[in-house]
There are 2 protein chains.
Amino acid sequence: MAGTSDNWKTQIRKGYLELCVLLLIQRHRKLYGFDLIERLAEASLHVKEGTLYPILNRMSADGLLGASWETENLKGHPRKFYALTRDGARLLTEMESEFGEMVSIFKNLSK
Amino acid sequence: MAGTSDNWKTQIRKGYLELCVLLLIQRHRKLYGFDLIERLAEASLHVKEGTLYPILNRMSADGLLGASWETENLKGHPRKFYALTRDGARLLTEMESEFGEMVSIFKNLSK
DNA sequence: ACCAGATACCTAGCATTGCAAGGTAACATG
DNA sequence: CATGTTACCTTGCAATGCTAGGTATCTGGT
């Protein structure tokens with residue numbers, strides 16, 4: 001069974017997904033959930049809806065993201081757009097540096 | 001409170017710690033727990049005993065590590081040495097490649 | 001009018017992990 | 001013999017990703 005390996009893959013994504021979501025929102029200034037899923041997939045990150053939406057709601061509740069519904073000028077289902085708050089941008093900077101440190105530790109250990 | 005940031009730091013370590021532990025054991029062929037904690041600390045990874053020992057036991061139970069007690073030729077408390085099994089080495093290779101992909105995705109998203 | 005499909009969001013419950021806190025045991029030193 | 005160091009282990013909590021569902025709006029075909 002590939003269980004052990006798959007389980008690890010699930011675990012290593014914890015936290016990492018938040019980082020990637022924040023990076024994408026920063027790059028595009030604002031994004032809505034479904035669009036995010038597609039852009040993550042383009043980057044080879046295949047995230048399911050049941051994974052992403054709780055992340056967005058959590059980060060909104062924590063004040064890292066601001067959310068606003070948009071229905072005007074639109075056909076189709078209304079969309080909820082997310083953008084970085086100042087706190088979100090500050091935390092993202094911290095996360096990028098932290099992840100960079102993890103990468104450098106990994107490189108030291110594997111050589 | 002710095003809770004949000006600290007919480008993320010806890011989450012992002014999930015899975016990553018296993019990777020680093022396997023890397024260190026591979027490099028040294030065999031290691032015991034307390035020694036691992038010190039070597040991880042040297043690499044700037046400060047892991048508590050209550051974090052490491054469950055990892056080692058789990059990976060032993062999963063057949064990734066082989067364990068053996070050593071008391072002979074030793075003064076002091078007996079030590080439990082761990083070494084990679086073939087499955088452990090195979091999974092480690094997979095993990096290294098997976099983590100490398102995560103790094104490359106991160107770089108793409110942050111530039 | 002109706003039904004299927006695409007778009008778009010949300011939630012409940014499970015399994016797994018890292019961590020804090022505490023416990024056990026053997027040996028060395030004063 | 002009491003303290004400190006080395007060394008291992010376990011219980012219970014908090015947090016996250018995933019599976020598997022559910023809801024709602026619009027479009028296109030028959």
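Just so we're on the same page: letters track the sequence lines, and every chain starts at 1. Source: prediction; values computed, not measured.
In this entry the distance linking CG of B:Asp6 with C1' of C:dG18 reads 13 Å, nearest Å. Rounding to whole angstrom units, CG of residue A:Leu52 and P of D:dT19 are separated by 14 Å. The interatomic distance linking B:Lys9 (NZ) with D:dT16 (C1') rounds to 18 Å, in whole Å. At whole-Å resolution of the value, NZ in A:Lys48 and P in D:dG22 are 19 Å apart. B:Met59 places its CE atom 15 Å from the C1' atom of C:dT16, with the value rounded to the nearest Å. If you take CD of A:Glu70 and P of D:dC26, they are 16 Å apart, rounded to a whole angstrom. The distance from atom CD1 of B:Ile37 to atom P of D:dC8 is 8 Å, rounded to the nearest whole Å. Rounded to whole Å, atom P of C:dT16 lies 17 Å from atom CD1 of A:Ile12.
A:Arg27 places a side-chain N or O within 3.5 Å of a backbone atom of B:Lys111 that can act as its donor or acceptor partner. Checking side-chain atoms of A:Ser60 against main-chain N and O of A:Gly66 turns up no donor-acceptor pair under 3.5 Å.
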Q) Can you give one letter per nucleotide of nucleotides 4-15 of chain C, 5' to 3': B if a protein heavy atom sits under 4.0 Å from the base, S if only from the sugar-phosphate, - if neither? A) ---BBBBB----

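Contact between the side-chain N/O atoms of B:Arg58 and the OP1/OP2 oxygens of C:dT16 is not found at any separation under 4.0 Å.
Remark: B:Lys80 fails to qualify as a cation-pi partner of B:Tyr32 under the 6.0 Å distance and 45° angle criteria applied to the six-membered ring.
The side chain to side chain donor-acceptor pair (under 3.5 Å) pairs that include a residue from residues 33-52 of chain A are A:Asp35-A:Arg39, where partners are two or more places apart or lie in different chains.
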**Q.** Derivation of the side-chain contact (heavy atoms from CB on, under 4.5 Å) call for A:Asp62 and A:Asp87
**A.** CA-CA 9 Å; A:Asp62 288 349; A:Asp87 280 355; over 6 Å; no

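Taking every side-chain heavy atom of B:Thr10 into account, C:dC19 is the closest of C:dA20, C:dC19, D:dG17.
The existence of a salt bridge linking B:Lys30 and B:Glu70 is confirmed by a sub-4.0 Å separation between a basic side-chain nitrogen and an acidic carboxylate oxygen.
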